[in-house]
Amino acid sequence: MTGPLIDIRNISVGFTGKSSATLPVLRNIDLKVNAGESIGIVGESGSGKSTLALAAMGYLKSGLRLMEGSVAFQGQDMFARTRTELEQIRGGELALIPQNSGQSLTPTLRIGAQLVEALRLHADVPEAQYSAKAIELLGQVRLPDPAAIMTRFPHELSGGQQQRAAIGMALAGEPTALLLDEPTTGLDVTTQAHILELLRDIARDRGMAMVYVSHDLGAIARVCDRVVVMYAGEVVLEGSTRQVLKTPIHPYARGLLASIPRLSDPRLPVALDGRPPAPGGAGQGCSFIDRCALAQDGCRTSRPDLERLPSGEAVRCFHYQEAHQLSLTGSGAIPASLDGASPSALHLDYLAISYRRPGLYDKVLGRDSAGVPTVDGIEITVAKGETLGLVGESGSGKSTILKAIAGLLPPSGGKITVAGGQALAPEVEHRSPDHLRKIQLIFQNPDDSLNPRQTIAQILEQPLKLYFGLTGDALHQRSAEILDRVRLGAHYLDRLPSQLSGGEKQRVAIARAFAAEPDLVLCDEVTSALDVSVQAAVLDLLNDLKATQGTTYVFVSHDLAVVRALSDRVAVLYQGRLCELGPSADVYAMPSHPYTEVLLGAVLEPDPDTAPTLSADDVVELSPPAQGCPFQRRCPRKIGRICDTDTPPWQQGVKDHTIKCHHSIADLAAAQAEGAAGQRA
Amino acid sequence: MLAMLLRRLFLGLVTVWIVSMIIFAGVEMLPGDSCTAFLEREAKGKLLENCREAQGLNRPAAERYFDWATSAARGDLGISANGEKSIAELVGDRLGNSLLLAACSLALGVPLAIFLGVVTGLWRDRPVDLAVSTLAIFAMTIPEFVSATVLILVFSVWLGWLPGIVLTSASAPASEFFPEIILPVLVLTMVMTAHILRMVRSSVIEVMAGDYIQMATLKGVPYWRIVFWHALPNALLPAINVVALTIAWLLGGVVVIEVVFNYPGLGRMMIDAISDRDLPVVQAIALIVATVYVCVNLSADILTMFANPRLRTLHMRRG
Ligand SMILES: Nc1ncnc2c1ncn2[C@@H]1O[C@H](COP(=O)(O)OP(=O)(O)O)[C@@H](O)[C@H]1O
Ligand code: SF4
Ligand code: SF4
Ligand SMILES: [Mg+2]
């Protein structure tokens, strides 16, 4: 076969809106994927990435309709094939790895049964060898103990293991092309880095083509040869990974890159204001016009074509030659930070938290079943006006600690004191109204935390009535003021949460927390559900509020670069135990604890010239070891028995930088330098 | 797993125990007792005292509750107020009849409801769905005595195909209830099918829109295999609990149907006992219905636990 493997020509896909007009979700898209080539599709959520990838399989979600164009796989039109032909190709020559394997594996079928099904449908293996072949596939995706995994149900695997099982299933039909829809979104950094390496290896060994859909430019940089940038259902930029990520010539691509927080840059990322037009909402001009710094009158009246340049790039912009004026990094605000000593706002005194309470039976039998606590020995002081970042993989106890501070989860040991040395009651019911007001919690998902039936006004008035007894005009005026502080106009007051975008909802959640005029704000993954451009705006807002109100934050995120952007100090957690604690600048510049080194090494930067260092396995530990160092089972620098038996001591570095390890910081620095030299050689 | 089962069983027993206290207390609070009911107008002075003495009604309430509860636990439900028959025997016949009615309705209704629920769910908003769903809404909203009356009118009065009321005596063997039982079974099946099918339909729709169904489609799994292998085991799980509730309803809550058709089941016995102020019988029936309710819910929970791998493994890990 000559010609491209996947050939998408001028497709437009749409759905019928309320006014019975057809609203386009994809507009005139061309995409060619050659055998063995790996293409990234990036863009904000709702830009049509998933729709495009699924269209390559001849599949449209219910409600969507192909308006024009064609999709060919191996030269044959996918939308003209019969159901039986499609069933042959899908999962066979052309396989999909879904975004969320936890939800994409059938919950009532064992992993083995689902793999065997894929083999039965697509593989050229005799029936008797199905299970041997399935075990082989699970081994190829580097799952430990494949035979045992076969008998598990999907929910018995961790997120990373589910994703690996899904990859194994996709490989069953020996595909020539893989479509991946956000395959690592929601996974831990270390897991993500391992999965991406696995995909790279597999694609290279088998000469598979990949279409990799992601909003994460770091992942794209690692696996893709070419990148397509989508905006509001159109391709706005296409080029080699290097061209798109290093010298993008479309204003949107530049804005997107600038809004990503970087490990290497202490400044806040630059927000890309505004939001993309809804399907059918783009005017006759350029769809990016409302957010574009280069826009001119001509952009409003006619829509730019996708222009193919001699350099191999394709760009949809009249003024792409001026795009280089837009900065890619670095014009963001310097994070507000406190100087000099400041009184303590929060002190965690050997905090321990255990989810498993001794049950009735255990009490009757006098058994101590609480076991090893989930979180233990947390000893941190946060100064007034300071931001403490908490980082660690999922399950490391970040949210647990926040819940204990907020009183939602009584600690099983230790004490929590606030400003002035007052101890906080463990349960929220026993806290004074004043304490309740002073500590506010903001959650990851505003959809869960905002009552969908209350208007924004009602949501904001609650704390104002409760804590300040405001009524009537004063109440209304104050709500409007607070909303203004999070940069939303007073006209939002009458709206319902469902009428707001994700970023706007999160601002309302922030506004509600700040309505209580808190001293301490606990942020739990507050930007994780948001697009990067929106995330940058929320980070900027939080930073602003900190500068003007002198608020103290405890900021939790699994995204290390986000934490870096906002925190003065950072605490690294593993299995509910502290590993490293110090000023952000020092910890990020010199990650000393072996776990911090592993964690930071796995971070993917949106730069094709960097590669992650994977020094430890991404096994998931279900519970911390009973004694010794919490990281003993995975530590690449483990000393020996002492790590298994003795709790490591605090080792002092410069200033307040400390780690908990049997190695000293100086030893670790020497070992790291040696490793780096070894790699270069 | 075993510990989990034992725990549920224990909780079920506690529930029945608490309910028995509530029943006893409730009947206790009613004005009058079985002696005043039995003696009617002569219920005064010496006669009343003697009667109470004979039935042990002048003892403290706690003592009487203890006696009642312990003998009930042994299966001895006492003697009805008019002192003729043992309640266990009276109620036994009626319970058997109610079970017969329930079993017939379930045997007909559950498979029908699941079939129709799946069909309407898969062909959502198509003619077959619109037709069946409309009928189901009718069956749910029309009061049972109306549909019962209409059926009697049509099949018994006009067409003369089936007997309209039950004349068989309460203690007759099951086989003698045919064909009299057919019309009551039809009415119950209609109502029950409507409820279960609505639930199955929405569950099928929800599951079919799920990520794993899309994934199976894009893995090249043929449609009907997706339906039977990937979708239905998940979609039917919630049906187990609805069926359990239906069973409980069939055994104690279908008074109207039993009255309309003169069917000698538990519900009608309860009504009769209430109007006769036969308090021991009222207590006994209430206790039986509560026990049945607890039992079917318990079995449904256990069945769900076995059928749902999530719950099963959760409890296995916990031991
Ligand atoms: N089944 C559907 N019916 C109508 N609109 C849809 C449907 N699925 C997605 N859309 C719309 O299509 C647009 C693109 O969606 P999607 O391809 O999922 O974007 P992405 O993967 O980039 O987040 C969005 O505006 C979304 O609301
Ligand atoms: S065409 Fe105009 S509005 Fe559109 S991206 Fe280019 S400069 Fe901006
Ligand atoms: S104490 Fe030992 S196991 Fe723990 S981090 Fe240090 S070297 Fe590794
Ligand atoms: Mg998507």
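Proteins come first, then strands; the chains are lettered A, B, ... in the order of their sequence lines, and each starts at number 1.
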Report yes if some heavy atom in the side chain of B/Arg64 is under 4.5 Å from a heavy atom in the side chain of B/Glu28; otherwise report no. yes
Do A/Leu86 and A/Phe73 have side-chain heavy atoms sitting under 4.5 Å apart? no
Checking A/Ile89 against chain B: side chain, backbone, both or neither under 4.5 Å from a heavy atom? neither
Answer whether the closest heavy-atom distance between the side chains of A/Leu54 and A/Leu96 falls below 4.5 Å. yes
So what's closer than 4.5 Å to chain B heavy atoms on A/Ala95: side chain, backbone, both or neither? neither
What are the residues of residues 103-115 of chain A, in order of number, with any heavy atom under 4.5 angstrom from a heavy atom of chain B? A/Gln103, A/Ser104, A/Leu105, A/Thr106, A/Pro107, A/Thr108, A/Leu109, A/Arg110, A/Gln114
Over 12 non-hydrogen atoms of neighbours within 6.0 angstrom of CG in A/Asp448: yes
So which bits of residues 217-231 of chain B come within less than 4.5 Å of chain A, counting non-hydrogen atoms only? B/Thr217, B/Leu218, B/Lys219, B/Gly220, B/Val221, B/Pro222, B/Tyr223, B/Arg225, B/Trp229, B/His230
Pair A/Asp181-A/Lys49, salt bridge (charged side-chain N to carboxylate O under 4.0 Å, His left out): steps then yes or no: CA-CA 8 Å; A/Asp181 190 0; A/Lys49 309 181 295 288; over 6 Å; no
Would you say CD of B/Glu206 has more than 12 non-hydrogen atoms from neighbouring residues, nucleotides or ligands within 6.0 angstrom? no
Would you mind reporting whether A/Ile11 and A/Leu52 have side-chain heavy atoms less than 4.5 Å apart? yes
Can a side-chain donor-acceptor contact be found between A/Ser70 and A/Asp77 if the only test is distance below 3.5 angstrom? no
Intermediate values then yes/no, salt bridge (charged side-chain N to carboxylate O under 4.0 Å, His left out), A/Lys133 and A/Glu136: CA-CA 5 Å; A/Lys133 178 77 187 166; A/Glu136 187 189 320; 3.8 Å; yes
Kindly check if the number of other-residue, nucleotide or ligand heavy atoms within 6.0 Å of CZ (A/Arg81) is above 12? yes
